[in-house]
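Have a look at the structure below before the remarks.
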Amino acid sequence: PACYLRKMGFRDCLRSCFLGFFEYETPKVMVVKNRTLGVIYRGVHLLVTTYFIWYVFISQKAYQESETRPESSVYTKMKGTALLGDMVQDMVEYVRPSEGGDVISTILRREVTHDQQQGVCAEHYSVPKANCTSDSDCKAGEVNFDGNGPGTGRCIPYYNHTFKTCEIKSWCPIEEFAAVRESALVEAINFTVFIKNTIHFPKFKVLRGNIKPNKARYLGRCTYNEVTDPYCPIFRLGYIAEQAREKFSELCRTGGVIGVFINWKCDFDIDPSNCVPTYAFRRLDLRKNLPSSGYNYRFAKYYRRNGKEFRTLIKAFGIRLDVIVHGHAGKFSIIPTIINMVTALTSVGICSVICDWILLTFIDKNEVYSERKFDEVSEESPPPTLTEFTLTSYGSTHSDLSEGVAL
Amino acid sequence: PACYLRKMGFRDCLRSCFLGFFEYETPKVMVVKNRTLGVIYRGVHLLVTTYFIWYVFISQKAYQESETRPESSVYTKMKGTALLGDMVQDMVEYVRPSEGGDVISTILRREVTHDQQQGVCAEHYSVPKANCTSDSDCKAGEVNFDGNGPGTGRCIPYYNHTFKTCEIKSWCPIEEFAAVRESALVEAINFTVFIKNTIHFPKFKVLRGNIKPNKARYLGRCTYNEVTDPYCPIFRLGYIAEQAREKFSELCRTGGVIGVFINWKCDFDIDPSNCVPTYAFRRLDLRKNLPSSGYNYRFAKYYRRNGKEFRTLIKAFGIRLDVIVHGHAGKFSIIPTIINMVTALTSVGICSVICDWILLTFIDKNEVYSERKFDEVSEESPPPTLTEFTLTSYGSTHSDLSEGVAL
Amino acid sequence: PACYLRKMGFRDCLRSCFLGFFEYETPKVMVVKNRTLGVIYRGVHLLVTTYFIWYVFISQKAYQESETRPESSVYTKMKGTALLGDMVQDMVEYVRPSEGGDVISTILRREVTHDQQQGVCAEHYSVPKANCTSDSDCKAGEVNFDGNGPGTGRCIPYYNHTFKTCEIKSWCPIEEFAAVRESALVEAINFTVFIKNTIHFPKFKVLRGNIKPNKARYLGRCTYNEVTDPYCPIFRLGYIAEQAREKFSELCRTGGVIGVFINWKCDFDIDPSNCVPTYAFRRLDLRKNLPSSGYNYRFAKYYRRNGKEFRTLIKAFGIRLDVIVHGHAGKFSIIPTIINMVTALTSVGICSVICDWILLTFIDKNEVYSERKFDEVSEESPPPTLTEFTLTSYGSTHSDLSEGVAL
């Protein structure tokens with residue numbers, strides 16, 4: 001504490017500090033008996049209080065410390081068989097990748113190019129500069145970015161057609177010509193995907209899963225339904241598409257990426273067992289009316305015939321499910337509670353600012369208020385009045401105490 | 001500033017504003033010489049200060065600006081060979097997917113169904129309604145969801161058994177009948193997984209990796225050990241299982257998903273080279289006593305024999321490692337420091353609230369305090385006292401200044 | 001409100017509470033006419049105000065509520081063909097995994113081991129303890145961790161060389177001996193990757209994509225260029241490498257992991273259509289001068305020849321692209337605005353603390369200020385002065401009101 005050593009001795013100084021410990025300071029206050037102002041003051045008061053009690057504490061749960069990035073693990077598995085042509089297709093054929101992570105795609109339609117092999121064949125006519133009448137039209141070794149391979153320089157008949165295109169080195173026959181467009185796997189609408197999600201809140205040491213214990217037999221039969229089977233994380237593809245507001249037939253045609261959102265909103269002030277997830281589904285890729293919508297990819301199966309490598313090229317259209325987990329957990333904690341209480345009380349100060357301004361600007365007619373509120377002092381101030389004589393060397397000690405109050 | 005233009009001329013007004021610039025306002029304070037109150041006041045004071053200095057600044061490092069979502073890159077690679085039956089299995093056989101991302105699974109046990117091909121065969125007897133005595137029991141074309149394919153309508157002997165089941169179109173023979181259960185790859189306990197993790201804090205422009213430079217040779221030999229080899233991110237599967245408190249033999253049987261947590265907690269006020277990760281392991285899928293625990297998936301290898309497609313169906317049980325990276329970095333920054341200082345000082349105001357309440361409610365016996373603290377003013381107030389005469393037209397200018405103080 | 005029931009009757013009490021409603025309290029203030037102090041006060045004032053207006057509100061947009069973790073969906077597709085030796089390689093050969101998720105890798109160089117099959121062959125000479133002169137040097141069944149399989153116990157010539165190594169059970173021939181190192185696919189520098197990213201801010205219900213509508217034809221041709229084609233998310237591998245400040249030839253040799261950062265910084269106070277992403281590229285794995293840098297992985301193609309399983313083992317070096325999406329959106333909201341305003345006004349209080357301290361410590365020569373600022377009261381205080389007589393039983397009611405002010 002500032003105790004003017006230069007003026008009083010060291011002992012006085014210590015004494016002042018010591019005595020300062022048994023003093024308390026509180027600002028002097030002017031009470032304005034004014035109806036309008038009182039009402040305004042109370043009004044603002046009420047507003048602030050309501051905001052904090054209702055919004056901050058009740059709706060925002062400011063008394064809780066929260067955890068928003070839990071550790072999550074997703075395991076997916078599809079099930080279902082369907083007849084395509086006279087081939088039976090099970091999930092081993094239709095699900096990629098097979099490992100069952102948080103991204104899983106099922107093939108709904110295929111365009112298959114059988115028995116491709118390295119060789120030379122005619123470029124597709126749609127490729128720029130592919131059409132030709134004589135070899136002179138085709139440059140050898142030229143790679144056309146939109147084409148399927150480098151030209152050989154020869155101009156040959158386009159497969160069994162009359163017109164000619166440049167010959168290219170490529171996997172032959174080229175996909176555009178030889179691809180067989182299979183029919184869509186409409187039965188897939190009944191395929192099911194099992195999504196197991198386990199979530200862990202490290203801060204609160206709580207582990208939760210979206211499967212109820214002792215339900216092994218139940219899981220064998222059920223499919224998810226918000227109302228009847230909320231604890232059965234087995235979803236029909238048809239249900240998912242419907243929830244995402246997409247036509248399944250449309251998805252079969254173009255394919256699409258659908259987000260499966262698992263939302264955990266947990267309040268650990270009540271029993272954790274009440275913490276159950278909700279599911280939401282939304283199409284993630286751009287809408288149909290936008291370009292390059294849909295979802296498709298290519299892969300190949302490789303095999304050999306007497307030493308030569310062949311491949312079956314498959315262009316797959318399907319649904320990709322991206323499982324996205326959101327988690328939020330809250331639990332009462334003393335620290336945030338105090339902090340928000342303080343903030344609340346502090347914010348009340350705002351009332352004074354507003355009312356002071358109103359008081360001194362509009363109400364203070366004949367300046368009676370400001371005269372009483374403000375006490376002007378300059379170096380050459382009038383002699384201290386009676387009461388102030390009580391002020392002695394201690395005066396100085398107030399300097400530091402005042403800080404607390406000034407706030 | 002509010003300077004009653006209506007009352008004083010414009011020049012006076014300007015003058016008042018100008019003069020107001022060389023004035024300072026500080027609240028008038030009543031000093032209560034009361035032991036109890038003083039102690040209480042100091043007490044609360046101390047509490048608040050301690051909280052801020054110790055908790056907020058020292059333990060929470062509130063003087064730092066922090067970054068909690070760094071950019072992370074994970075690259076994983078497994079190593080090890082083992083003898084299964086008389087076949088040697090290396091990682092190419094056992095690790096899927098092969099690309100070495102942040103999710104990697106190793107196969108510990110397989111159930112292999114050799115040489116499946118499209119055809120007709122007997123449905124498994126466990127499938128509902130599969131058992132039959134005559135063709136009349138089997139509906140043609142009916143797809144049973146739990147079954148392996150659509151029925152042909154015929155009732156045939158169940159492979160080389162005496163009883164009969166309905167014939168189905170499917171990949172034959174069906175897995176349930178023909179699957180060969182291989183023994184577990186127990187040697188896998190000594191397989192190692194190399195987890196390279198690089199992390200980047202954009203805000204602080206710091207790039208860190210979990211490998212020490214110039215350690216190429218070292219990495220060739222070491223395996224991770226918290227104590228002896230903290231800088232060797234090569235983990236024995238056995239070590240991982242043990243850390244996750246799981247029996248490896250158990251994992252071989254059911255499979256499981258284990259989270260590998262890499263935690264970076266960095267304080268860039270000290271040398272970044274001190275910022276090294278810690279590793280933690282925890283099983284992520286639900287516990288053994290819960291249903292559908294474990295981890296398994298199916299995939300197939302395809303090949304052809306004289307034009308006909310065959311597949312080898314493999315049901316794989318194994319460990320899936322999900323590498324999850326958490327990062328938190330902090331560095332001194334002036335902004336948060338100031339903000340928290342202000343908050344701290346502000347919070348001290350809470351002391352006054354409490355003490356004022358105590359003062360005026362409990363201590364203020366004969367209302368001597370409130371009489372001195374509060375100065376009541378109504379429109380018809382007594383004539384201003386001597387000292388207040390010094391207040392002139394400037395009085396008004398205080399209106400705005402007072403705001404700062406009122407807070 | 002505390003109304004000393006013990007002293008006044010219940011009716012008085014109610015009355016006091018009621019009247020308290022039409023009163024307003026404002027702290028009494030001492031005005032110090034001191035140039036220095038005034039200037040200091042204004043200075044601090046200015047600083048605080050500037051900080052809040054400029055930094056908090058303008059640069060930090062504190063008046064907005066923000067969303068930092070949008071839902072994002074990434075779909076990637078590569079394109080391009082190149083001649084390797086006399087084989088034409090298209091993306092089906094070179095891209096893994098094929099599903100087109102947010103992690104996609106393209107193979108730039110391969111080391112191929114053809115026609116491996118289960119059998120016995122000589123261990124590589126580099127493996128510790130592999131070299132031998134007689135069978136006695138080789139332990140049967142011993143698995144060397146760095147080796148390719150368990151020993152048979154025999155010592156055989158190392159393929160067509162003169163020296164001998166231990167024989168092992170393995171996929172033969174072993175990779176180290178038989179791998180064929182193919183030349184790098186330098187044309188890959190012109191391959192393109194199409195990165196479609198859709199982003200959704202649930203809080204603001206805004207869905208955005210990185211493709212402009214009605215641009216299907218445009219997308220067929222364009223490649224990304226920050227200046228000329230910012231809306232074309234098709235990137236040349238060469239461009240990516242260059243942006244990541246990596247030599248493409250170097251990447252072909254060692255491979256590498258490159259992060260593709262898509263940053264969405266959206267202000268929904270203006271038209272959402274202005275919310276477009278920026279792209280950044282940075283190498284994510286450790287730098288070249290560090291050990292085990294680069295990116296490579298092994299996979300195999302399986303086939304059969306008269307009943308026997310063969311595999312072609314491929315060690316692939318390439319570029320792995322990790323697409324990482326950051327999103328931040330802000331929109332005006334009344335709550336954060338108010339909160340920050342209050343904080344701002346509150347922080348101004350800090351000025352008083354500083355100035356009070358200066359005032360009472362340095363300027364207050366003859367203690368005239370402290371004498372006027374502080375009014376000391378002890379139990380045995382002088383008789384109340386005239387003005388204070390007006391204070392009656394209501395005095396008590398101020399106790400609670402004062403709280404608001406004290407802050």
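Naming: A, B, ... by sequence-line order, numbering from 1 per chain.
With sequence neighbours excluded, the residues satisfying side chain to side chain donor-acceptor pair (under 3.5 Å) with A/D322 are A/R320. Legend: residues meeting ring-ring contact (aromatic ring centres under 6.0 Å, His included) with C/F191, ordered by chain and number and at least two apart, are absent.
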Take A/Y297 and C/K77 through the test side chain to side chain contact (heavy atoms under 4.5 Å, CB included) and record every step on the way to the result.
-> CA-CA 8 Å; A/Y297 61 91; C/K77 195 166 205 168; 5.8 Å; no
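Proximity to chain C is absent for every atom of A/T36, based on heavy atoms less than 4.5 angstrom apart. With a 4.5 Å cut-off on non-hydrogen atoms, C/D115 touches chain A through its side chain but not through its backbone. When heavy atoms are compared at a cutoff of 4.5 Å, A/L313 approaches chain C solely by way of its side chain, counted from C-beta outward. Only the side chain of C/T312 comes within contact range of chain A, with heavy atoms under 4.5 Å apart. Looking at A/N296, the atoms closer than 4.5 Å to chain C (heavy atoms on both sides) sit in the backbone and in the side chain alike. Proximity to chain A involves both the backbone and the side chain of C/E93, based on heavy atoms less than 4.5 angstrom apart. If you measure heavy-atom distances from A/V257 to chain C, the contacts under 4.5 Å come from the side chain alone. Only the backbone of C/V74 has a heavy atom closer than 4.5 Å to any heavy atom of chain A.
Annotation: side chain of C/E99 is not in contact with side chain of A/V103 (no heavy-atom distance under 4.5 Å). At a threshold of 4.5 Å between non-hydrogen side-chain atoms, the residues C/L83 and A/K169 count as touching. Two residues are said to be in side-chain contact when any heavy atoms from C-beta on lie closer than 4.5 Å; C/P27 and A/K28 fail this criterion. Residues A/D146 and C/K79 meet the side-chain proximity criterion, which asks for heavy atoms closer than 4.5 Å. The side-chain heavy atoms of C/V92 and A/K315, taken from C-beta on, include no pair separated by under 4.5 Å.
Distance check, rounded to the nearest 0.5 Å: CH2 of A/W171 to OG1 of C/T81 gives 13.5 Å. Atoms CZ and NZ, on A/R304 and C/K301 in that order, are 8.5 Å from each other to the nearest 0.5 Å. Once rounded to the nearest 0.5 Å, the distance linking CD1 of C/I199 with CG of A/L284 reads 11.0 Å. A distance of 10.5 Å separates CD in C/Q89 from OG in A/S170, rounded to the nearest 0.5 Å. In this structure, CZ in C/R69 is found 11.5 Å from CD1 in A/I324, a value given to the nearest 0.5 Å.
Here C/Y75 and A/Y295 bring their ring centres to under 6.0 angstrom of each other.
Ion pairing between C/D90 and A/R298 fails under the 4.0 Å rule for side-chain N and carboxylate O.
For chain C, the option among A/V48, A/V39, A/I40, A/N148 with the highest count of heavy-atom pairs below 4.5 Å is A/N148.
Summarising the local packing, CZ of A/R305 is surrounded by more than 12 heavy atoms from other residues, nucleotides or ligands at distances under 6.0 Å.
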